[in-house]
Amino acid sequence: MKKILWAIPALAVIVRVYLFIFVEKSLWLDEAALALNILDKGYLELFQPLQYAQSAPPLFLLCTKFLTEIFGTGEYVFRLIPLLCSIGTVFGFYFLLCDVFKEKKWCIIFGLIIFSSGFPLLYNTIEFKPYMADVLFTILTVLIWLKYLSKDISLKKQAGFAVLLVLFPLFSFGSIFSLCAILTLSLLKKRKIFSFILFFGLLIEYLFIFSKINSGTRVYEYWVPYFINYNPIKAVFILIDIIKYHFYPSSLVLIALAGFIAGLIILFKKNKEIFKIFGLIILYGFLASFFNFYPLYERLSLFLYPVILIIVLSPLYYVLFEKNNIKKAVIFILSSVILISVCFYNFINPNFYKREEIKPLLLKMRNEIQPQDKIFAFKGTHLVYRYYDRIFKFQNEKYICPYNISAEICAEKIKPFCGQNTCFVIYSSEVDTKNNVKILKETVSKLNGKILQSDKNSVLYKLN
């Protein structure tokens, strides 16, 4: 049994490394925007508001910048920290399962299989975004509480853990909810030293870093539709959307929701310590969204994945190897269906992970372009092209269409810029894709252009 328990994390690591190496997907818009911030800014500037409507934890950015100065600016370098965080989540979740489910080895194995093959986690393993860090630091915070802080420990250790935990939000915004949960529980336990250091540490970070980090950007504006916005009814739909995103296929969302509700009830009756820490994490996440501080939308809710998965696993835990009856059988079957369903996904299929494939188009263009030819990057392509231009280093005259002008105005600039020269027109974006591509296609058609190559949400035209 022990060999199986360690074989699953080992296989999970292999799958993640395989995806990291062999799914050669291009950086998409948000990844490129974050990469350009790292390349264009100094270390201290990464503590200030970012450009291109981006926001990310400063230590996540600093560590990535350090790696780029050692290993270069390729996609693998930018995605290395998410990979390492993803590997860390596998082992962290294993220890969390052992702490929650203790002697029920089959339940631990079941949870490990689901967590290891969960598509949202695998997808974000190879995304240059801090969402896997959110999962990792949430798990670490819960483990620190369950193994140490929930027990009697010395004041010196309390202070040490408080200082350590204060650093977590600098690497993961999502960790703030688990930190608030253990701060609440510590106050209830009258842990004065620990609570004092953690509270004022988080307050100082907020006043001097987080309160300013989004100023001057459009991050908040972009996510407004995804806040609960003081609407309790919307909170229910947000919860359903989160569960739909976490569990595949999404057609089983009602079964997952039933398992989630059943799990909360069972934990409340059987394991109040776990119920309190998990319940508070979820509560603070929803309160932040309710009061328009944090949008609980798909990948931004990924920090809840290990919490929700254990809650859904709980009915299975408390009926496994128990005496059979109809009620327990129903719970067991529902839990099994939703959890086994994720294994039907071909999670090593590279096509599942691709969004804006500009790199194959640039490789094609590099093989055909001549020194006198021109390059026109259409609206929506500006950031991904600017990133890859640093790698491909095209010396040709180029025009990069700004994002803040309409597709119509951008299209009107193609003919005067290209003139009589051979011109390569490139488009790569999933933002307003249908409308932009339609306008671009009509314009290129009038100029007798032809498609050289197309890929997912990307197309390369050649005008002679």
Side-chain angles (χ1 to χ4, degrees), residues 26-37 39-40 49-55 214 216-225 355-362 364-366 368-464:
S26 307
L27 293 189
W28 66 285
L29 177 65
D30 277 5
E31 288 181 293
L34 212 52
L36 289 172
N37 274 286
L39 296 176
D40 293 340
L50 303 179
Q51 293 178 298
Y52 315 123
Q54 293 299 306
S55 180
N214 290 337
T217 75
R218 294 172 52 208
V219 177
Y220 183 88
E221 175 188 335
Y222 177 81
W223 289 110
V224 164
R355 300 181 71 165
E356 301 168 20
E357 290 304 293
I358 191 175
K359 189 164 58 174
L361 277 57
L362 295 176
K364 176 71 172 178
M365 186 170 70
R366 185 176 64 180
E368 297 207 10
I369 198 166
Q370 301 299 316
Q372 69 277 10
D373 297 341
K374 295 183 177 183
I375 301 172
F376 189 99
F378 197 71
K379 173 182 163 63
T381 315
H382 60 307
L383 295 180
V384 289
Y385 180 81
R386 282 177 179 168
Y387 167 75
Y388 279 105
D389 195 41
R390 298 180 183 220
I391 296 175
F392 286 87
K393 298 179 180 178
F394 292 108
Q395 300 301 313
N396 305 71
E397 183 180 355
K398 58 183 71 76
Y399 180 85
I400 302 174
C401 209
Y403 187 73
N404 59 355
I405 68 173
S406 68
E408 290 84 356
I409 295 175
C410 184
E412 290 173 1
K413 295 181 179 292
I414 295 176
K415 185 176 180 179
F417 171 76
C418 294
Q420 300 302 314
N421 300 79
T422 297
C423 195
F424 292 85
V425 181
I426 191 164
Y427 173 81
S428 181
S429 179
E430 62 178 10
V431 181
D432 297 328
T433 298
K434 291 182 179 179
N435 181 52
N436 289 357
V437 168
K438 181 182 177 182
I439 294 169
L440 175 59
K441 186 176 180 180
E442 290 173 352
T443 303
V444 170
S445 178
K446 292 177 183 177
L447 298 174
N448 298 317
K450 64 177 182 178
I451 295 177
L452 271 187
Q453 187 166 319
S454 62
D455 216 311
K456 192 169 186 179
N457 294 326
S458 304
V459 61
L460 175 65
Y461 294 97
K462 185 177 182 180
L463 308 179
N464 293 311

| query | Looking only at atom types and distance, does a side-chain atom of K379 sit under 3.5 Å from a main-chain N or O of I405, one as donor and one as acceptor? | reply | yes

| request: Write down the atom of F394, the atom of D389, and the distance for their closest heavy-atom approach. | output: N-OD1, 3.5 Å

| What are the two closest heavy atoms between K398 and F417, and how far apart are they? | C-CZ, 3.5 Å

| message | How close do N457 and R355 get, counting heavy atoms only, and between which atoms? | response | ND2-O, 3.0 Å

| query | Less than 4.5 Å apart, any side-chain heavy atom of L440 and any of Y461? | reply | yes

| Side-chain donor/acceptor of T443 to backbone N/O of I439, under 3.5 Å | yes

| query | Got a second to check how far F424's CZ is from L460's CG, nearest 0.5 Å? | reply | 7.0 Å

| Presence of salt bridge, E357 and K456, under 4.0 angstrom | no

| message | How about NZ on K374, more than 12 heavy atoms from neighbouring residues, nucleotides or ligands closer than 6.0 Å, or not? | response | yes

| message | Any side-chain to backbone donor/acceptor pair from T381 onto S428? Under 3.5 Å, distance only. | response | yes

| field | Donor-acceptor contact present, side-chain N396 to main-chain I375, <3.5 Å | value | no

| message | How close do A33 and L383 get, counting heavy atoms only, and between which atoms? | response | CB-CD1, 3.6 Å

| message | With heavy-atom distances below 4.5 Å as the criterion, would you say the side chains of Y387 and L39 are in contact? | response | yes

| field | Minimal non-hydrogen separation, F378 against A407, with atom names | value | CZ-O, 3.6 Å

| Under a 4.0 Å N-O cut-off, is there an ion pair linking E442 with K446? | no

| request: Please answer whether the main-chain N or O of S26 pairs with a side-chain N or O of E356 as donor and acceptor at a distance below 3.5 Å. | output: no

| message | Under a 3.5 Å distance rule, please check whether Q395 uses its side chain to pair with a backbone N or O of K393 as donor and acceptor. | response | yes

| request: Return the orientation label for the Y403 and H382 ring planes: parallel under 30°, perpendicular over 60°, tilted otherwise. | output: parallel

| remark: On a heavy-atom basis, the closest approach of E368 and D373 is O-OD2, 4.3 Å

| said: Could you go through N448 and L463, starting from their C-alpha distance and side-chain angles, then the distance that decides it, and tell me whether this counts as side chain to side chain contact (heavy atoms under 4.5 Å, CB included)? | reply: CA-CA 7 Å; N448 298 317; L463 308 179; over 6 Å; no

